[in-house]
Trainee: 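Below you'll find the structure I mean.
All figures in this text were calculated on a predicted structure; none of them were measured in a lab. So you know, we letter chains A, B, ... as the sequences are listed, proteins then strands, and number each from 1.
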Amino acid sequence: MPYGYLGQNQPNQTVNNSGVFSITDVAELQSQGKLGGSLELIEEINPSSASSVEFTNIKENKFDVHFLNFYVETTGSPKVYLSNNGGTSYITSGYQEAAQINFVNGGTGEQKNTSQTYFQDIGYSAGTAIMKNGYGYYYNLGNSSKYSFNTYHTFSNHPTAFISFFGGGVHPTAETINAIKFSVPSGNFTGTIKLYGVKQI
Amino acid sequence: MSNLRLINETNVSSFVNTVNITDIFSADFDIYKIVVSDTEPSGVPSTDVIALYTRFINASGSVITASNYDRANLVMKSENVYDEDKLANTSFLYARDYIGNYTSSGSVTYIFNPYSSSSYTFMLGQGSGGYDTANNRYRGNKQIGVLKQTASMTGINLYSQNSSYSFKALIRTYGLRVDS
């Protein structure tokens with residue numbers, strides 16, 4: 001059933017209301033625990049100085065698409081890793097990646113690997129702390145019969161050049177993923193990392 | 001509160017080589033987000049892939065097949081040099097989903113101004129998929145495109161580039177509400 005339509009409860013309505021919920025919509029969505037839009041915040045972590053943070057309750061049985069949003073400050077190069085045992089250990093091999101690097105002062109680069117050690121890259125390391133911002137969509141984490149994919153886009157204000165990454169990656173093993181780790185191989189980071197589930201009907 | 005409004009969820013649970021999703025664009029929203037997940041191929045050799053092409057559907061329900069699309073797509077490969085696919089005045093927009101034996105894929109696409117009869121319909125998207133696992137042909141891609149028609153579009157058509165290849169998919173369409 002579509003929601004956010006006053007006037008009539010159909011997607012091809014003629015009333016221009018910019019997606020306003022009706023009272024009926026609110027009541028029904030609230031009864032289902034779905035009121036609040038189509039992204040559901042699973043967890044927000046705000047480390048003041050940490051080398052890694054973990055999401056160990058990612059609700060992989062509820063969502064088939066996840067959204068990770070982050071803005072962190074660090075001298076390191078953060079990565080995202082997956083776990084198939086609730087965070088007891090994390091997978092550090094066998095990923096595949098294909099991404100593009102863009103430099104504001106000219107040039108682009110290809111970052112590709114068929115035996116990558118991480119699920120998603122966040123950005124270059126630098127001698128001084130720099131902001132790294134971005135997001136990633138993760139697909140099929142809770143599906144034991146499908147590979148886990150991502151698409152992502154990140155931005156870093158590197159001291160010598162603003163840099164962006166975009167691309168994707170895959171964990172080419174059909175298994176259930178039930179924990180995510182955001183970490184830097186060396187150093188620490190501060191900032192905010194939020195994990196959302198993309199709601200289904 | 002999120003300003004995403006779920007408009008339509010189409011679960012293509014039987015194998016098809018084309019799917020029309022109609023009545024999803026309206027005067028209510030200017031920007032739409034389409035999320036494709038849970039894809040599965042059929043009839044595709046392990047060394048080949050379904051490139052999920054896109055066309056728009058107008059208010060009369062007709063799929064736009066005229067050569068009025070411009071597109072640019074960067075195909076990022078885990079094992080090889082990247083490809084730039086760019087073409088003007090073509091009859092479809094290129095894939096952001098590659099559905100092969102990487103057991104599923106995923107993509108997010110944004111559509112701008114489809115319902116407006118006074119502006120072109122623009123899109124940008126990103127996808128993640130692959131084929132030929134024995135040779136690690138993982139594909140990420142980033143795409144932009146436009147339909148150069150000042151006509152009102154109300155839906156999209158997704159189809160396999162090879163009519164003998166078919167697919168399943170879960171396709172969700174959201175509207176981005178803007179508070180004035």
Trainee: Heavy-atom distance under 4.5 Å to chain B: side chain of A/Tyr138, backbone, both or neither?
Mentor: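 Contact with chain B is absent: no heavy atom of A/Tyr138 under 4.5 Å.
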Trainee: Is any side-chain heavy atom of A/Asn143 closer than 4.5 Å to a side-chain heavy atom of B/Asp38?
Mentor: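 Heavy-atom side-chain distance check passes, below 4.5 Å.
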Trainee: May I ask you to name which of A/Gly169, A/Ser148, A/Pro172 has the most heavy-atom pairs under 4.5 Å with chain B?
Mentor: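 Of the candidates given, the most pairs with chain B belong to A/Gly169.
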Trainee: Just how far is it from atom OG of B/Ser107 to atom OH of A/Tyr139, taken to the nearest 0.5 Å?
Mentor: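 Result: 5.5 Å between the selected atoms.
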Trainee: Of the non-hydrogen atoms in B/Ser78 and A/Ala98, which two are nearest, and what is the gap between them?
Mentor: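 In terms of heavy atoms, the two residues are closest at N-CB, 3.7 Å.
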Trainee: For B/Gln126 and A/Tyr137, which I'm curious about, is there any donor-acceptor pair between the side chains at under 3.5 Å?
Mentor: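 A/Tyr137 and B/Gln126 do not have a side-chain donor-acceptor pair below 3.5 Å.
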Trainee: Could you go through A/Gln96 and B/Glu79, starting from their C-alpha distance and side-chain angles, then the distance that decides it, and tell me whether this counts as side-chain contact (heavy atoms from CB on, under 4.5 Å)?
Mentor: CA-CA 9 Å; A/Gln96 298 178 14; B/Glu79 90 298 355; over 6 Å; no
Trainee: Quick one: of B/Leu170, B/Val35, B/Asn80, B/Thr173, who has the most non-hydrogen atom pairs under 4.5 Å with chain A?
Mentor: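 Option with the top pair count is B/Asn80.
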Trainee: Taking atom NZ as the centre, does B/Lys148 end up with more than 12 heavy-atom neighbours from other residues, nucleotides or ligands that are less than 6.0 angstrom away?
Mentor: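 Buried by this count: over 12 neighbours within 6.0 Å.
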Trainee: Let me know if A/Gln100 has heavy atoms under 4.5 Å from chain B in its side chain, its backbone, both or neither.
Mentor: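 When you check distances to chain B, atoms from both the backbone and side chain of A/Gln100 fall under 4.5 Å.
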Trainee: Using 0.5 Å steps for rounding, measure from the NZ atom of A/Lys112 to the CE atom of B/Met76.
Mentor: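 CE of B/Met76 is found 11.5 Å from NZ of A/Lys112.
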Trainee: Check whether more than 12 heavy atoms from other residues, nucleotides or ligands sit under 6.0 Å from atom OH of B/Tyr120, and answer yes or no.
Mentor: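 No.
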Trainee: Between B/Tyr174 and chain A, which part of the residue has a heavy atom less than 4.5 Å away: side chain, backbone, both or neither?
Mentor: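 Only the side chain of B/Tyr174 comes within 4.5 Å of chain A.
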Trainee: Does any heavy atom of chain A fall under 4.5 Å from the side chain of B/Asn11, the backbone, both, or neither of them?
Mentor: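 For B/Asn11, no heavy atom lies under 4.5 Å from chain A.
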Trainee: Could you tell me which of B/Gly106, B/Gly175, B/Gly130 has the largest number of non-hydrogen atom pairs under 4.5 Å with chain A?
Mentor: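 Counting heavy-atom pairs under 4.5 Å, the top option is B/Gly106.
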Trainee: Below 4.5 Å from any heavy atom of chain B, which atoms of A/Ser115 appear? Answer side chain, backbone, both or neither.
Mentor: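 Neither part, no heavy atoms under 4.5 Å.
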Trainee: Given heavy-atom pairs under 4.5 angstrom as the criterion, report whether the side chain, backbone, both or neither of B/Thr133 touches chain A.
Mentor: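 When you check distances to chain A, only side chain atoms of B/Thr133 fall under 4.5 Å.
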Trainee: Hey, what's the ring geometry for B/Tyr102 with A/Tyr147, parallel, tilted or perpendicular (30° and 60° as the breaks)?
Mentor: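 Ring orientation of B/Tyr102 relative to A/Tyr147: perpendicular.
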Trainee: Verify, without hydrogens or angle tests, whether B/Tyr82 (side chain) and A/Ala99 (backbone) share a donor-acceptor contact under 3.5 angstrom.
Mentor: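 A pair under 3.5 Å: yes.
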Trainee: Quick check: closest heavy atoms across A/Thr151 and B/Ser128, and the distance to 0.1 Å?
Mentor: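 Answer, listing the atom of A/Thr151 first, then B/Ser128: CG2-CB, 3.5 Å.
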Trainee: Could you name the residues of residues 186-198 of chain A that have a heavy atom within less than 4.5 Å of a heavy atom in chain B?
Mentor: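 Listed by number: A/Val198.
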Trainee: Determine the option with the most heavy-atom pairs under 4.5 angstrom with chain B, choosing from A/Val65, A/Asp64, A/Asn113.
Mentor: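 Winner by heavy-atom pair count: A/Asp64.
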